[in-house]
Structures are given as C-alpha cells and as structure tokens.
K.L.:
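Handing you this structure, nothing more for now.
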Amino acid sequence: MLQINLVRENSQLIVDRLKVRNFDARGIVEKIIDVDARRREAQKNLDDNLAESKSLARRIGELYKSGKKEEAEKIKERTTRLKHINKDLQQKLEQYKVDQEDLLIRLPNIPHETVTPGDSEDDNQVVSESGTIPGLTDTALPHWELAAKFDIVDFETGNKITGAGFPLYKGKVAKLQRALVSFFLDKAMEAGYAEYQVPLIVNRDSAFGTGQLPDKDGQMYHIPSDNLFLIPTSEVPLTNIFRDVILEERDFPVKCTAYSTCFRREAGSYGKDVKGLNRLHQFDKVEIVQVVKPEESYKVLDEMVKYVGKLIDLLELPYRITKLCGGDLGFAASMTYDMEVFSTAQKKWLEVSSISNFESFQANRMKLRYRDGQGKINLAHTLNGSALALPRIIAALLENNQTENGINIPGVLVPYTGFEIIN
RNA sequence: GGAGAGAUGGCAGAGUGGUCGAUUGCGGCGGUCUUGAAAACCGUUGAGGUGUAACAGCCUCCGGGGGUUCGAAUCCCUCUCUCUCCGCCA
C-alpha cells in the first residue's frame, strides 16, 4: 500500500510510474485525493467539537461539585446537541477512512525507475546467463518420464490421494528433497539468516500484510470454518513476524529464513505449464527475507540475487537472471529478479526463484517501522526471495544429469543424500 | 469438547464514573559521581491523526465492535484471544 502523503503530494509521479505497469491510476488517484480532503475536513471538525465537549463536560463536573446544579443543566443542553452532531461526523469520518483505504489498496507498488515497460514475461530483460547447458542425446527424457522410469515421483498415486498437482515423492527423490532443504538452510545460516519454523496457516491480517489479500484472493487455499489461509510461501509468516513492530537501528539488518511447504491453487493454469513438476499445488521451498533501512534496500537486493546465484552454481545448474518488466511485476514489488534454471530435456527455462524489493509497500500495510538516529519513526523496507523452490530444481537436476547409468547427484549434495546416483 | 479466570504503555503491575494517556517498579535513553565500569542519585522515555516553515496547540487510542452518561480504562452488551482445571490426543 502506498502512503497517503505520497499520493497527496506526488500524484503525477504515481500516475506516470504506474504506466510502466500498464496500470492507469488516474481515476483512482483523483478519487483518493478527493476523499482524503473530505476525510481531513471531517477530522478537523470532529476534533474541534470533541475539544469543546470535553471542556464543557469537565465544567459540568466542577459545577456539580460546587452545587451549582442549574448552571450545569444549562450547559448540558449544548453538550447533548454536540453529541448528536459528533455522532454524525464520526460516521462520516469512518466512511471516508474506509473509502480511502479501499482505494489505496487498489494501487500497486510503484516500479523502481530502472524498471522498463512491457506487457509480459517476453519483455523481461535477461541480465546474465551462467553455467553450461549440457549436450544431451536425442533420447534424453523429460523429468516426468525419468520419474516413471526410476519410480521416484508417483503422479498417479498423488492424484488418487488428493488430485492433480500433489505428487508423491518416493525413495531417492524423497531423500533428495530432504537433502536440498538441509543444504539450503545450512547455506542460509552461513550467510547470516536466522532460521525459523513458521505456521503454514495464517490469518487474514497476515495475508493482507504481505499483499496476498485482496489482490491474490483466489490463489490461496482458504479454510472457511476458521477463516484461515494455507500459505502460498513462507514469505507470509516470515515477514509478518514484524507486523506492528517498531525496530531500532541496531536491529538491522534483519535476515531470516524458513523452510516450508507452500500451497497454491494456481487457478487458471493449464497445458504444458503444469506438466510434471513444473507447476504444483503443493511444493517445498526455502525462503529468505530481509528487513532493512530504506537507503540500503537495493544494495541488499543485489546481495540476495548474488546469494541465490551462488546456490545454483553450487548445484551446477545452468541458469539465467532476468529483470522483470513493468507488466510482469507483482502487485507489491518495486523491482524483481527471476532466477531460471535450464531444464535441458524440456528445453525450457524454469523459474526457481523470484527475488523482490517491496520497498515500503508491505511495511506500510503491516506497520513495520523503525526508529532512526533522530528518533523519528519511518517505514522499513522488506525484501524476499526463494532460496530455493524445490520441484523445478529437481526437474532440472533429473533432466540435466541423466546418463546411461542413471542420474548423477551434484557433489555438494552427496553428503546430504548419502548416494551419488539415482538408478 | 466442558467449567472458570483474564486482556491496561517494551515488560511487570495499580487503577470501579470527572484534568487518567493513565500511580509505581523494571527495562531503555541522557546526566551526576568514577581513571573506567557497577552501585547510588537526578532527569527523560507510547503510537496515530490533525495542524505548523518548524515549534505549540487540538483530537483519538487502556484486546475488537456497539451501548449507557454531560463525562468511561472504569458500568452494560457482544465478539475475539489468552490462561487455569477436566476430557480427548500426536
């Protein structure tokens, strides 16, 4: 959520910058400015009236004490009248506040000035490519066929137990997942991230705080009987640790990480995108989150991209980094880099991480603030990134490392898996 | 699931209708003392809105919502949550 002050004082800037997202903000911004003015006027009137009521009420108390009952009764007429006026004003004010918030939450975050316009992922800019794409023979199999061949991922049984998008991992791949999680968490801790184990189900306030609600309402699994949501990423519980918190300068940088299962309804997905492990309703992921001072957030974004790149290097997978264009940018993000590994048999780039700077957009929603050197309270900046999401990493590992004898496990994982090959 | 108790500032914990945004203690910050530190002593220490060039001023907030009253942290209703005991249970 953008800050009302910014909208009030810099409305043109907002309209211009949101164009990069193909978002026409003119109408909303105009309405916000209008309702904001009304809100402030109502607030002023109410405050003045309340001030009068308060001092009169105090006066009445004094008069009663000194036995001047009649004089008190006379003043009561005025306060009673004010009471009715104020009730009205109060209602108006509440309505203006609700209207203002309803409008404000419809504005997406302002893209960073270096974010380029564009309509879709096709307009994303490739920042770099690393690693070498292995030359596979024509008989190379996509991962879902390898999964069947080695009996390591059972889509049919997952289908029976739950439905599409809930695979059953077996044997060496089940262990490989555990190995990856441990490896990722160990690396995160080495890099200074504090490990958390978070609730997998969150309430409305948390889902709102990170921006899943109301924007991505239909994308989360909802438990109506308790009005709770299954997390689509541990970003939600991790970042909400700091909801309604005022940090001190010495607390920075806040770095935390969590492994969690993630649940996504993925309504509207279809076709080859959902084949095999490419897109699932349930998957595992290690997430990293940072809360930092505004002036440092872009430096930290770069640092996080570098960190995730290093992880993929260690897994010996070819990958590229793309910077999202305005049209592909998430609602809450100012800037996002995607990390994509190349899945050689599918001949596809698979997104395995998305690293974003939200600037103060989430912080404003969840009142995540810090006290600066002068004792002033400001919104902090939040960032997060996958480090990493497992299924597509596994898809790429299976495909890229297939040989006649089986699938080789990257050396760095062998201490965690206890085996070197899946065969 | 059944019964009971409670929700107040960073924490602990007073406050049952009239300068209570809130006594006090701890913690934090600043200072005195000290070579330095500790102790002791003194001072200071919530957030939001409105407003101002900046101060000031004014308003709101004692779990959420509603009500009674000229006036509510204090009374009433309601919701949520927490704790204790019992039951069940990984």
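Here is how names work: the chains are called A, B, and so on, in the same order as the sequence lines, proteins then strands, and each is numbered from 1.
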K.L.:
Are any non-hydrogen side-chain atoms of A:L314 and A:P410 less than 4.5 angstrom apart?
P.N.:
no
K.L.:
Scan every strand shown for a Watson-Crick or G-U wobble partner of B:A39, both distances under 3.5 Å, and answer none if you come up empty.
P.N.:
none
K.L.:
Rounding to an integer number of Å, can you tell me how far A:K44 NZ sits from B:G57 P?
P.N.:
15 Å
K.L.:
Would you say that A:L93 contacts A:R39 through its side chain, given a criterion of any heavy-atom pair below 4.5 Å between the two side chains?
P.N.:
yes
K.L.:
Is A:K19 paired with A:D24 through a side-chain N to carboxylate O contact shorter than 4.0 Å?
P.N.:
no
K.L.:
In residues 72-97 of chain A, which ones come under 4.0 Å of RNA chain B, going by heavy atoms?
P.N.:
A:K76, A:T79, A:T80, A:K83, A:K87
K.L.:
Does B:G71 pair with anything, Watson-Crick or G-U wobble, both distances under 3.5 Å, and if so, with which nucleotide?
P.N.:
none
K.L.:
Students often get this wrong, so: under 4.0 angstrom with heavy atoms, is A:R250 touching a base, only sugar-phosphate, or nothing?
P.N.:
nothing
K.L.:
Expressed as a whole number of angstroms, how long is the span from A:Y64:OH to B:G71:C1'?
P.N.:
10 Å
K.L.:
Examine the base of B:G49 for any acceptor or donor lying under 3.5 Å from a partner atom in the side chain of A:D47, and report the outcome as yes or no.
P.N.:
yes
K.L.:
For A:K187, which residues count as a salt bridge (Lys or Arg N to Asp or Glu O under 4.0 Å) partner, sequence neighbours excluded?
P.N.:
A:E190
K.L.:
Hunt down the Watson-Crick or G-U wobble partner of B:U52, both distances under 3.5 Å, from any strand shown, or write none.
P.N.:
none
K.L.:
Consider salt bridge (charged side-chain N to carboxylate O under 4.0 Å, His left out). Of A:K83, A:R58, A:R78, A:R81, which one does A:E52 pass it with?
P.N.:
A:R78
K.L.:
Specify the separation, in whole Å, of atom CD1 of A:I60 and atom C1' of B:U19.
P.N.:
15 Å
K.L.:
Taking the C1' atom in each of B:C11 and B:G67, what is the distance between them to the nearest angstrom?
P.N.:
33 Å
K.L.:
Using a cut-off of strictly less than 4.0 Å, decide whether A:R8 has a side-chain nitrogen or oxygen near OP1 or OP2 of B:U50.
P.N.:
yes
K.L.:
Between A:D36 (CG) and B:U50 (C1'), how many Å, whole number?
P.N.:
11 Å
K.L.:
Check every strand shown and say whether A:R204 touches a base, only sugar-phosphate, or nothing at a heavy-atom separation below 4.0 Å.
P.N.:
nothing
K.L.:
Applying the Watson-Crick and G-U wobble criteria at under 3.5 Å, what pairs with B:C83? Answer none if nothing qualifies.
P.N.:
B:G4
K.L.:
In whole angstrom, give me the gap between the P atoms of B:A37 and B:C29.
P.N.:
13 Å
K.L.:
Please measure how far the P atom in B:A53 lies from the corresponding atom in B:A38, and state the result in whole Å.
P.N.:
45 Å
K.L.:
Please measure how far the C1' atom in B:U45 lies from the corresponding atom in B:G10, and state the result in whole Å.
P.N.:
11 Å
K.L.:
With nearest nucleotide decided by heavy atoms, which residue, A:R39 or A:A51, maps closer to the 5′ end of RNA chain B?
P.N.:
A:R39
K.L.:
Do the side-chain N or O atoms of A:R59 get closer than 4.0 angstrom to the phosphate oxygens (OP1, OP2) of B:G18?
P.N.:
no
K.L.:
Between P on B:G9 and CG on A:D244, what's the gap in Å once rounded to a whole number?
P.N.:
13 Å
K.L.:
Is there a Watson-Crick or G-U wobble partner for B:C11 with both distances under 3.5 Å, and which nucleotide is it?
P.N.:
B:G25
K.L.:
Between B:U8 and B:A73, how many Å separate the two P atoms, rounded to a whole number?
P.N.:
16 Å
K.L.:
Taking the nucleotide of RNA chain B with the closest heavy atom to each, which residue, A:D48 or A:I4, is nearer the 5' end?
P.N.:
A:I4
K.L.:
Using both distances under 3.5 Å as the test, list the Watson-Crick or G-U wobble partner of B:U16, or none.
P.N.:
none
K.L.:
In whole Å, what separates the P atom of B:C42 from that of B:U78?
P.N.:
49 Å
K.L.:
Quick one: does any side-chain atom of A:N109 pair with a main-chain N or O of A:A332 as donor and acceptor, under 3.5 Å?
P.N.:
yes
K.L.:
With the side chain of A:K54 defined as its heavy atoms from C-beta on, choose the nearest nucleotide among B:U50, B:U60, B:C70.
P.N.:
B:U60
K.L.:
Between atom CG in A:D205 and atom C1' in B:G64, what is the gap in whole Å?
P.N.:
11 Å
K.L.:
With C1' as the reference atom in both, quote the distance from B:G49 to B:C41 in angstrom, rounded to an integer.
P.N.:
39 Å
K.L.:
Could you state the interatomic distance from NE2 (A:H143) to CG (A:L277), rounded to the nearest 0.5 Å?
P.N.:
4.0 Å
K.L.:
Starting from P on B:U80, measure out to CG on A:N227 and report it in whole angstrom.
P.N.:
12 Å
K.L.:
Give one of base, sugar-phosphate or nothing for A:L56, where a contact means two heavy atoms less than 4.0 Å apart.
P.N.:
nothing
K.L.:
With sugar-phosphate meaning primed atoms plus P, OP1 and OP2, does A:K367 contact a base, only sugar-phosphate, or nothing at under 4.0 Å between heavy atoms?
P.N.:
nothing
K.L.:
For A:F208, does its backbone N or O pair with a side-chain atom of A:R365 as donor and acceptor, under 3.5 Å?
P.N.:
yes
K.L.:
State plainly whether the residues A:K255 and A:E303 are in salt-bridge range, i.e. N to O under 4.0 Å.
P.N.:
yes
K.L.:
Determine: side-chain N/O of A:R371 to OP1/OP2 of B:U45, distance under 4.0 Å, yes or no.
P.N.:
no
K.L.:
Please give the distance between the C1' atoms of B:A12 and B:G64 as a whole number of Å.
P.N.:
24 Å
K.L.:
Check A:K44 with A:E41, please: is the shortest side-chain N to carboxylate O separation under 4.0 Å?
P.N.:
no
K.L.:
Partner of B:C61 by Watson-Crick or G-U wobble geometry, both contacts under 3.5 Å, or none?
P.N.:
B:G46
K.L.:
Between A:K376 (NZ) and B:U45 (C1'), how many Å, whole number?
P.N.:
19 Å
K.L.:
Choose from B:G49, B:G18, B:A47 the nucleotide whose nearest atom is closest to any side-chain atom of A:Q43.
P.N.:
B:G49
